[in-house]
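Reading through the structure tokens given below for one structure.
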Amino acid sequence: MSLSVATITTLSLLPPALLWAAPAAYRRLLLSRAKHRSLTGHSRMAQRVARLLPGYQLDEQRFFCADGCDQNIEATRRAAFYNMATRFAKRYARSVEASERAKLSLSDLQFISNYRVPFQFSNLVKSHLKLGSVVSSSHDVFVEDLDGNTFYDLSGSYGVNLLGYDFYKKNIVAANDAAQALGPVLGMYHPAVIEVAERLRVLSAQDEVSFHMSGTEAVMQAVRLARYNTGKTHVVRFCGAYHGWWEDVQPGPGNPMPPRETYTLEDMSDRSLKALRMRKDVACVLVNPLQALHPNRAAPGDSSLVDSSRRAGFDRAAYTAWLQKLRALCTERGIVLIFDEVFLGFRLGPGGAQAYFGVQADMVTYGKTLGGGYPCGVLCGKSRFMRRFREDRPANICFARGTFNAHPYVINGMLHFLRALDTAAVRAVYEGLDERFHGAADRLNQRLRDADIPVQVAAMSSVWTIMFERPSRYNWMLQFYLREAGLALSWVGSGRLIFSLNYSDEHLNAVFDRFVDACLAMRNDAWWQSPPELSNQSIRRRILKEMFEGMWTTKPTSRVSN
Ligand SMILES: Cc1ncc(COP(=O)(O)O)c(C=O)c1O
């Protein structure tokens, strides 16, 4: 299989047409070179490593000095931790009690409470810093828990909450009213389906539409149709990108049955374009434009925040140039270019990422906010790729239906959402959106720098990520300080803040006051006072050492205990 450097160099000088005659090994080599060097870029290897990774816990003795700090700092952290636990137990008593009860029955809740922080710290955090996952009401930009605590909501309900909770509440009522004469009739359509489909065609600049119950299903449908209509087998996704939880788009950890027909390539890379140009088996390329905020990195959850190496940064011009090259290549090679806008659709502008980056895809998936408060998934695409049957081969079909697709209440939820996009009030919200949110991020960063806090944020419009500027093993503690300051993040913690667009400047300033206060409290409690010689590299070495030690002391379990 190995080729000499001279052969590779010679081959890469050949014109593309001649390269078709190149050996399969060369095409394979190009593919290997198009993978990102990190484990995220090597899904199979990551899967194997994940299986082997020994679980271990830092006991009480080591929990507070995992970075090798001195005894004074350790004592300050220990006292701060238990004081916070006492305050949480009082302040969130009812919410926590409800969550603990729900956790006994809800596997999902068991999962998320286990993965809020790096696993080494998980047991002590779980038993002392309990967070409520049950809330009772929402209004404006706030959610309220069972104890009457009000939080600024920065979770954005997984991105669904674009226009503010009050908008969706009204939208649901309006959709209910409009759908109730027909009620839950399925199989035949509510008349609203016509306007919804027509509006979606215009917004997406695509020819046809299909309805689904979730974003995952919409992506599944897109990929299946791309395969059917191109006759090719493989899916290309880019390193770190999320496209739902089904098999073909999740080749790494998290999926017990890794797919064989998925290539994970490096994002924003000419090597990926080169590899794609040489392949005959690629049916479609999936793009999640949210990756523009952190190309080649997975969703930045706090459970992987083991050091301070998390980086993010949005370069609109560079990402646009990348998408344009990808577009041209897909056209040249007959590959279906799919934009997965389930998360980002309608967040950057009413025309979604296609309009924002000025690049037209062959298919686009939407979901989340498009349901106007109801669950949904939508696929829009060019007719030639949306076709599910052939006139000349009646048995050769591509089946994809679903009992609840185009449910009358959901369709009406979408209709009211789509109509709202045309109102002056919503149009005004989109005016100068990036300037507003990027300006706000700059203001917060300046305040953090002025206070000498080792934290910065990176923003892609209303989606932000927190970065940590000095090496530390305790950055994940910030999520608890933020919660105490009245800021509610989603369970993935500080890696993703999602603002709804009804955040006013006043709201933003109030959030920043609380944010800075939370950081100051964390700093006072010595979590960022690491020994000066600590680096991200030395943290990783320490973890490796702990892991080896853990291998001899930890018994394997078939199920994570809670
Ligand atoms: C880009 C993208 N695609 C697909 C999905 C899956 O959508 P759902 O959770 O509705 O199945 C998500 C969910 O977060 C997403 O962000």
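Atoms considered below: every heavy atom in the structure, side chains included; atoms not considered: hydrogens, waters and symmetry mates.
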(request) Using modelled atom types only, decide if a donor and an acceptor are shared between the side chain of Asp307 and the backbone of Arg540 within a distance under 3.5 Å. (result) no

(request) May I ask you to decide if the ring planes of Phe314 and Tyr356 are parallel, tilted or perpendicular, using 30° and 60° as cut-offs? (result) parallel

(request) Begin from the C-alpha positions of Phe346 and Phe417 and carry the test ring-ring contact (aromatic ring centres under 6.0 Å, His included) through to its verdict. (result) CA-CA 11 Å; Phe346 309 101; Phe417 173 83; 5.4 Å; yes

(message) Just by distance, no angles: are the side chains of Arg419 and Thr423 close enough, under 3.5 Å, to form a donor-acceptor pair?
(response) no

(message) With heavy-atom distances below 4.5 Å as the criterion, would you say the side chains of Val223 and His243 are in contact?
(response) no

(message) Regarding Arg48 and His42, do their side chains bring together a donor and an acceptor under 3.5 Å, going by distance alone?
(response) no

(message) Side chains of Tyr319 and Val287, heavy atoms from C-beta outward: is any pair under 4.5 Å?
(response) yes

(request) Please check if atom OH in Tyr242 has more than 12 non-hydrogen atoms from other residues, nucleotides or ligands closer than 6.0 Å. (result) yes

(message) Assess the residue pair Tyr374 and Tyr168 against the criterion (ring-ring contact (aromatic ring centres under 6.0 Å, His included)); give the C-alpha distance rounded to whole Å, side-chain angles, the decisive distance to 0.1 Å, and a yes or no.
(response) CA-CA 9 Å; Tyr374 287 102; Tyr168 297 93; over 10 Å; no

(request) Check the surroundings of atom CD in Gln537: do more than 12 heavy atoms from other residues, nucleotides or ligands lie under 6.0 Å from it? (result) no

(request) Look at the side chain of Thr465 and the backbone N and O of Gly495, then say whether any donor-acceptor pair between them is shorter than 3.5 Å. (result) yes

(request) Please determine if Asp248 and Arg227 form a salt bridge, counting it only when a charged side-chain N lies under 4.0 Å from a carboxylate O. (result) yes

(request) Apply the test side chain to side chain contact (heavy atoms under 4.5 Å, CB included) to residues Lys325 and Leu329: give CA-CA distance (whole Å), side-chain angles for both, the deciding distance (0.1 Å), then the verdict. (result) CA-CA 6 Å; Lys325 284 194 219 168; Leu329 185 105; over 6 Å; no

(message) For a side chain to side chain contact (heavy atoms under 4.5 Å, CB included) check, start with the C-alpha distance between Met460 and Leu348, then their side-chain angles and the critical distance, and finish with the verdict.
(response) CA-CA 9 Å; Met460 178 177 183; Leu348 302 173; 4.3 Å; yes

(request) Compare every heavy atom of Leu276 with every heavy atom of Leu265, then report the nearest pair and how far apart it is. (result) CD1-CG, 4.1 Å

(message) Just so I know, are the side chains of Ser204 and Glu341 near enough to count as touching, which here means a heavy-atom distance under 4.5 Å?
(response) no

(request) Determine whether Glu217 and Asn405 make a side-chain contact, defined as any pair of heavy atoms from C-beta on separated by less than 4.5 Å. (result) yes

(message) What's the separation between atom OG in Ser461 and atom CD1 in Ile498, rounded to the nearest 0.5 Å?
(response) 12.5 Å

(request) In sequence, state the C-alpha distance, the side-chain angles, and the governing distance for Arg279 and Leu30, and then conclude on side chain to side chain contact (heavy atoms under 4.5 Å, CB included). (result) CA-CA 10 Å; Arg279 300 214 68 88; Leu30 283 184; over 6 Å; no

(message) Please verify the inter-ring angle class for Phe437 with Phe499; under 30° counts as parallel, over 60° as perpendicular, anything in between as tilted.
(response) tilted

(message) Checking Asp153 against Tyr503: is there a side-chain donor and acceptor pair closer than 3.5 Å?
(response) no

(request) List the atom of Gln221, the atom of Ala400, and the distance in Å for their closest heavy-atom pair. (result) OE1-CB, 2.8 Å

(request) Side-chain contact test, heavy atoms from C-beta onward, threshold under 4.5 Å: evaluate it for Leu225 versus Arg388 and give yes or no. (result) yes

(request) Determine whether Leu286 and Met363 make a side-chain contact, defined as any pair of heavy atoms from C-beta on separated by less than 4.5 Å. (result) no

(message) For the CZ atom of Arg393 and the CD atom of Glu391, what is their distance to the nearest 0.5 Å?
(response) 12.5 Å

(message) Testing the basics here: between Tyr430 and Arg347, what is the closest heavy-atom pair and its distance to 0.1 Å?
(response) CE2-O, 4.3 Å

(request) Identify the two heavy atoms, one from Asn171 and one from Gly372, that lie closest to each other, and give their separation to 0.1 Å. (result) ND2-O, 3.0 Å

(request) Please determine if Arg390 forms a cation-pi arrangement with Tyr228, meaning its NZ or CZ atom is less than 6.0 Å from the six-membered ring centre and no more than 45° off the ring axis. (result) yes

(message) Would you say Ser500 and Tyr165 are linked by a side-chain donor-acceptor pair, where the criterion is simply a distance under 3.5 Å?
(response) no

(request) Report yes or no: does Gln479 contribute a side-chain atom to a donor-acceptor pair with the main-chain N or O of Trp491 at less than 3.5 Å? (result) no

(request) Would you tell me whether Tyr263 and Asp281 have side-chain atoms, one donor and one acceptor, within less than 3.5 Å of each other? (result) yes

(message) Quick check against the 3.5 Å criterion: does Gln250 have a side-chain atom that pairs as donor or acceptor with the backbone of Gly244?
(response) no

(message) For the residue pair Ser308 / Asn475, report whether a side-chain donor-acceptor contact shorter than 3.5 Å exists.
(response) yes

(request) Look at the side chain of Arg436 and the backbone N and O of Val429, then say whether any donor-acceptor pair between them is shorter than 3.5 Å. (result) no

(message) Under the criterion side chain to side chain contact (heavy atoms under 4.5 Å, CB included), I'd like the reasoning laid out for Leu163 against Thr369: C-alpha separation, chi angles, the key distance, then a yes or no.
(response) CA-CA 9 Å; Leu163 298 176; Thr369 196; 5.6 Å; no

(message) Looking at Asp302 and Arg310, is there a salt bridge between them, counting it only when a charged N and a carboxylate O are closer than 4.0 Å?
(response) yes

(message) When you measure from the side chain of Tyr115 to the backbone of Gly301, do you find a donor-acceptor pair of N or O atoms at a distance under 3.5 Å?
(response) no

(request) Please check if the side chain of Gln206 supplies one atom and the backbone of Leu200 the other of a donor-acceptor pair under 3.5 Å. (result) no

(message) Minimum heavy-atom separation for Tyr409 and Pro184, please, with both atom names.
(response) CE1-N, 4.3 Å

(message) How close do His294 and Arg496 get, counting heavy atoms only, and between which atoms?
(response) NE2-NH2, 2.9 Å

(request) State, yes or no, whether a side-chain contact exists between Val209 and Val196 at a heavy-atom distance under 4.5 Å. (result) no

(message) Here's a test for you: under side-chain contact (heavy atoms from CB on, under 4.5 Å), which of Asp362, Leu337, Val336 qualifies with Cys284?
(response) Val336

(message) I want to check something: taking the side chain as every heavy atom from C-beta on, are Pro408 and Leu186 in contact at a cut-off of under 4.5 Å?
(response) yes

(message) Would you say Ser272 and Glu266 are linked by a side-chain donor-acceptor pair, where the criterion is simply a distance under 3.5 Å?
(response) no

